[in-house]
Amino acid sequence: GAARPSTQDCVPMAARPARTRLGPHAGTDHVFEVLSGQLAGQISDAAALDNKLGIAIAALVAITGAMYAAKPPIPVAALLSAWLLLGLIEAVRAFRYDDFAGGPDAEFLLAREDLDPAVIRWHSLKVLEVSIDENDRRLKRKGRRFTRVVATLGLVAGAILLSQALGLR
């Protein structure tokens, strides 16, 4: 999540004391490494969610086959089919290509190629922060959709088992 603004951030620019240093701070390299690691982790998390969604889509297809093999009554089959369709739509929405932010791009870096590497990292910090915030939103949305797909799988599988246990045919 984003850091809380300090009281210094709330002071109008004209009222702020003049900064004595323009350029990277002592911790810039460390902050750059930490933020870069967080960004790489987010991209890895997105790929892992996509793998899980692929498995969930296969499970939706398998559950559909199991439902039709069980031959539930038409009203039950209609209800389960609707749930499965909604689950599939949600899985496809979550699985679709989403352009996760990867941090500073070539254009950003080439515009600063004449600067010292420490200054480039310092300039990159804001890009990394914005990328992390943007990716966080996308990951949460993808995760919520995945959760709904898993819930659909559970509901439909449970309903199939229940209809079999009750001998509904």
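Throughout, residue positions are numbered sequentially from 1 according to the sequence presented.
Residues Gln42 and Ile132 meet the side-chain proximity criterion, which asks for heavy atoms closer than 4.5 Å. Side-chain contact between Ser81 and Met67 is present, with heavy atoms from C-beta onward closer than 4.5 Å.
The CG atom of Leu153 sits 4.5 Å away from the CG atom of Leu60 when rounded to the nearest 0.5 Å. Summarising the geometry, atom CG belonging to Leu155 is positioned 11.5 Å from atom CG belonging to Leu162; distances are rounded to the nearest 0.5 Å. Between the CG atom of Asp45 and the CG atom of Leu139 there is a distance of 6.0 Å, given to the nearest 0.5 Å. Annotation: the span from His123 atom NE2 to Thr28 atom OG1 amounts to 10.0 Å, rounded to 0.5 Å. The structure places CG of Asp105 at 10.0 Å from OG of Ser124, a figure rounded to the nearest 0.5 Å. Expressed to the nearest 0.5 Å, how far CZ of Phe100 lies from CD1 of Ile43 amounts to 8.5 Å.
More than 12 heavy atoms of other residues, nucleotides or ligands shown are found within 6.0 angstrom of CG on Leu166.
Clustering ILVMFWY residues whenever any of their side-chain heavy atoms sit less than 4.5 angstrom apart, transitively, puts Phe108 in the very cluster that holds Leu115. Residues Tyr68 and Ile160 are members of one and the same hydrophobic cluster, defined by side-chain heavy-atom contacts under 4.5 angstrom among Ile, Leu, Val, Met, Phe, Trp and Tyr.
Across Trp83 and Val156, no two heavy atoms sit closer than the pair CB-CG2, 3.6 Å. Closest heavy-atom contact between Gly103 and Leu128: CA-CD2, 4.1 Å. Across all their heavy atoms, Ala101 and Leu39 have their closest contact at O-CD1, 3.4 Å.
Residues meeting the side chain to side chain contact (heavy atoms under 4.5 Å, CB included) test with Glu90, sequence neighbours left out: Arg93, Arg145, Arg148, Val149.
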(request) Take Val119 and Arg112 through the side chain to side chain contact (heavy atoms under 4.5 Å, CB included) test and state the conclusion after the steps. (result) CA-CA 9 Å; Val119 174; Arg112 291 159 178 79; over 6 Å; no

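Looking at Arg138, its side chain does come within 3.5 Å of a backbone N or O of Asp99 through a donor-acceptor pair.
Salt bridge present: Asp50 and Lys142 bring a charged side-chain N and a carboxylate O closer than 4.0 Å. In summary, Lys140 and Asp136 engage in a salt bridge, as defined by a charged side-chain N under 4.0 Å from a carboxylate O.
Its side chain within the 4.5 Å cluster rule, Leu85 clusters with Ile89 among the Ile, Leu, Val, Met, Phe, Trp and Tyr residues.
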